[in-house]
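Below is one structure, written out as structure tokens, with a few remarks after it.
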Amino acid sequence: MLVVALVTLVVLAAGGWAAWSFLMPAYQGRDDPYTVLSRSEALLNGGDRGIDRLNRFVSKQSELHSPNSSWARWASKDIGANIQLDVKYELHTATSRSSGREAAAVRLDKRIAHAKDHFVKVAKVPDIGDEAVEIRVPSGYEVFVRAGNVTIKIDYSVYGTDGTKEGEQVQKTARRMAALAVEHIEKANPRAA
């Protein structure tokens, strides 16, 4: 009798989770499930050819993954250099008022508006996506882009080497990583496109 009760509870719990994660968004007419965060292996695991090109400058220092975000950092190997590349994914979950895609779009819009309010240069980066922007910040630059219900933010800086070959390589790599991440998310979840 106890076994039957436990099995029933497990079935009800699994059914409730499935209903919330998949059936409820469909019922509400949403285009994004609540629990899916598409990850880019090339971006977060450092297997991208762009990062490989930077291997003589940087190495992966740390990373952190949670159900709603992923973060990784690459930094200078040389103590005398100051190169840093931070990548963050953030999942925006659907709510009763807006879809995750809408929440991600709002965050991107707010970031661009905030930068413009502070008279910071905001440049579109069309080869990543129509929504991708590159923003000059005190710590360097950031590429900010949305793909479906995920936002990707890449901070990069090469202190003291503006206009050098190293700086150009880091910039190209950051942009390439953002483009790859969008591509991988859209392949993993066609509805995000």
Side-chain angles (χ1 to χ4, degrees), residues 21 24-26 28-46 48 50-51 62-74 84-158 167-168 170-193:
S21 300
M24 184 61 80
Q28 292 176 335
R30 302 202 181 286
D31 50 17
D32 49 355
Y34 291 124
T35 57
V36 175
L37 173 59
S38 302
R39 301 185 189 281
S40 167
E41 294 299 318
L43 191 152
L44 289 172
N45 291 338
D48 173 40
I51 281 289
S62 54
E63 59 187 303
L64 179 66
H65 304 289
S66 74
N68 291 314
S69 66
S70 291
W71 171 83
R73 168 174 288 172
W74 290 266
Q84 188 166 298
L85 192 60
D86 274 9
V87 179
K88 183 176 184 185
Y89 269 61
E90 188 170 13
L91 170 69
H92 299 271
T93 54
T95 69
S96 58
R97 294 184 179 180
S98 66
S99 74
R101 291 182 70 171
E102 289 167 333
V106 165
R107 178 162 186 223
L108 181 66
D109 290 343
K110 282 184 178 175
R111 185 66 190 94
I112 294 169
H114 176 75
K116 286 181 177 174
D117 285 346
H118 290 81
F119 306 104
V120 175
K121 184 181 177 187
V122 177
K124 291 274 188 180
V125 191
D127 50 334
I128 296 173
D130 292 338
E131 296 179 273
V133 295
E134 189 169 61
I135 300 169
R136 180 78 165 99
V137 294
S139 59
Y141 293 86
E142 62 184 38
V143 176
F144 212 94
V145 65
R146 181 183 73 82
N149 60 342
V150 176
T151 55
I152 304 137
K153 179 184 173 188
I154 301 180
D155 293 301
Y156 65 95
S157 56
V158 190
E168 289 174 12
V170 172
Q171 181 186 52
K172 285 178 183 175
T173 299
R175 289 177 172 180
R176 177 67 182 146
M177 289 171 76
L180 270 175
V182 172
E183 185 182 310
H184 287 203
I185 287 168
E186 291 177 351
K187 280 182 181 174
N189 181 12
R191 290 181 298 174

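One is the number of the first residue; the rest follow in order along the sequence. FYI, side chains are in, hydrogens and waters are out, and symmetry mates aren't considered; it's all heavy atoms of this structure.
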(message) Applying side chain to side chain contact (heavy atoms under 4.5 Å, CB included) to Leu85 and Met177, what does each step give before you reach the verdict?
(response) CA-CA 11 Å; Leu85 192 60; Met177 289 171 76; 3.8 Å; yes
(request) Would you check, one step at a time, whether the test side chain to side chain contact (heavy atoms under 4.5 Å, CB included) holds for Glu90 with Arg107? (result) CA-CA 11 Å; Glu90 188 170 13; Arg107 178 162 186 223; 2.3 Å; yes
(request) Could you walk me through whether Arg175 and Val125 pass the side chain to side chain contact (heavy atoms under 4.5 Å, CB included) test, one step at a time? (result) CA-CA 8 Å; Arg175 289 177 172 180; Val125 191; 4.1 Å; yes
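For the pair Ile152 and Ala181, the tightest heavy-atom approach, listed with the atom from each and the gap, is CD1-CB, 3.8 Å. Heavy-atom minimum distance, Gly140 versus Ser157: CA-CB, 3.9 Å. In terms of heavy atoms, Ala178 sits closest to Val143 at CB-CG1, 3.8 Å. Between Ala174 and Ile154 the shortest heavy-atom distance is O-CD1, 3.3 Å.
Applying the side chain to side chain donor-acceptor pair (under 3.5 Å) test to Ser62 and every residue at least two apart in sequence or in another chain returns nothing. Looking at residues two or more places apart in sequence or on another chain, you find a side chain to side chain contact (heavy atoms under 4.5 Å, CB included) between Asp86 and Trp71, Arg73, Gln84, Asp155. Shown here are the side chain to side chain contact (heavy atoms under 4.5 Å, CB included) partners of Ala104, two or more places apart in sequence or in another chain: His92, Arg146, Thr151. By the side chain to side chain contact (heavy atoms under 4.5 Å, CB included) test, Val122 pairs with Ile112, Ala115, Lys116, Val133, Ile135, sequence neighbours left out. Among residues two or more places apart in sequence or in another chain, the ring pair (Phe, Tyr, Trp, His ring centres under 6.0 Å) test is passed with His65 by none. Glu142 meets the salt bridge (charged side-chain N to carboxylate O under 4.0 Å, His left out) test with Arg111, Lys153; sequence neighbours excluded. Taking Tyr156 as the reference, Tyr141 meet the ring pair (Phe, Tyr, Trp, His ring centres under 6.0 Å) condition, with sequence neighbours excluded.
Note: Glu63 CD to Trp74 CH2 = 8.0 Å, rounded to the nearest 0.5 Å. Here the straight-line distance linking atom CG of Leu91 with atom OG of Ser69 works out to 9.0 Å at 0.5 Å rounding.
A heavy-atom distance below 4.5 Å is not found between the side chains of Asn149 and Thr93.
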